[in-house]
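Taking it in order: structure first as structure tokens, then the write-up.
Order of the sequence lines sets the chain letters (A, B, ...), proteins ahead of strands, with each chain counted from 1. Computation of the quantities below employed the complete heavy-atom set of this structure, encompassing side-chain atoms and omitting hydrogens, waters and symmetry-equivalent molecules.
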Amino acid sequence: MTVPRFDELIHSPTRLAIVALLAASEWADFSYIRDTVELSDSALSKQLTTLEQAGYAEIRKGFIGKRPRTSARLTAQGRAAFEQHVAALQQIVVRSGATILPAG
Amino acid sequence: MSDDVSPAEAAQALADIQLRQQQVIDLAMIPAWYWWAVGALMVVLAIGVDSHSPGVIGLTVSVFVLGILAATGWVVGRAFRHAQIRNGLIDGRGVVAILGFVALIVAGTIGLAFWLRAAGAGHPATLACVAGGLVMGAGGPVLMRRLRAIMLGNRTGAAL
């Protein structure tokens, strides 16, 4: 059972998109994230660094042949925080549904 | 902070999360052409087997191996360049679906080939692989839809 916990760091729309992509992946390529979320290289680097500093993401740099390759993945801590954040969002929606449903 | 988030905003965030996760899952889907290509390559291989000619067998085996390597390399390479799907998204039901599909193709094709040979039909391997290839081409996309549904059901936040 996931305990709902709203996470301000994840809730930023751009970071939410990045974390949601990473949550469905074992790892994702930098260029794939950049193109899918429609960010510049520098903007994505900044967001990934923020997630990395929070302990939510891990960034790997390597080479395929001579070409540099950067990929990212969620850490266990990041995955747990994301699941708790999703649970918190669901809780907000469910609670509102309970109050806005017509009586009787 | 969560008190400041309206239900509409939370619902929108959940929809965005669903969309992003769906994008990764869709990336893992093997395209329909792959299944038809593998089915066609099975037929090519069977033509070689039925020919009983070492030269034809060598040629068809080469076409089969190179074709499988090229098609599979394209599919794997595409995933490798983008993202690797999270292992936990495919659960036991997915594994059963994949193994069931493989068993259907292998057992069906081999069984049909032996039955055709016993019945005295000409080119039993080719005929059986045509049938197996058709099942592969038509069934591959069905398998993908099944796996996609399983993965969407297992993604974070799917319960709502």
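Scanning both residues, A:Val93 and B:Pro7, for their nearest heavy atoms gives CG2-O, 3.9 Å. In terms of heavy atoms, B:Val5 sits closest to A:His11 at CG2-NE2, 4.2 Å.
Put simply, NE2 on B:His82 and OG1 on A:Thr36 are 7.5 Å apart, with the number rounded to the nearest 0.5 Å. B:Gln22 CD to A:Leu21 CG: the interatomic distance, rounded to the nearest 0.5 Å, is 12.0 Å. Separation of atoms CG (B:Asp4) and CZ (A:Phe6) is listed at 8.5 Å; rounding is to 0.5 Å. Interatomic distance, A:Gln84 CD to B:Thr156 OG1, rounded to the nearest 0.5 Å: 12.0 Å.
In this structure, the side chain of A:Glu26 engages the main chain of B:Asn87 through a donor-acceptor pair within 3.5 Å. Panel note: side chain B:Arg86, backbone A:Ala23; a donor-acceptor pair is recorded below 3.5 Å.
Counting heavy-atom pairs closer than 4.5 Å to chain A, the top-ranked of the candidates B:Gln18, B:Gln12, B:Gln21, B:Arg81 is B:Gln21.
A:Leu89 is listed as a side-chain neighbour of B:Ile17, based on a closest heavy-atom distance under 4.5 Å.
Under the 4.5 Å side-chain heavy-atom criterion for grouping Ile, Leu, Val, Met, Phe, Trp and Tyr, B:Phe64 is connected to B:Val61 within one hydrophobic cluster.
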Requested in this report: Tell me, with the steps shown, if B:Gln23 and A:Tyr32 meet side-chain contact (heavy atoms from CB on, under 4.5 Å).
Outcome: CA-CA 11 Å; B:Gln23 284 177 317; A:Tyr32 171 69; 4.2 Å; yes

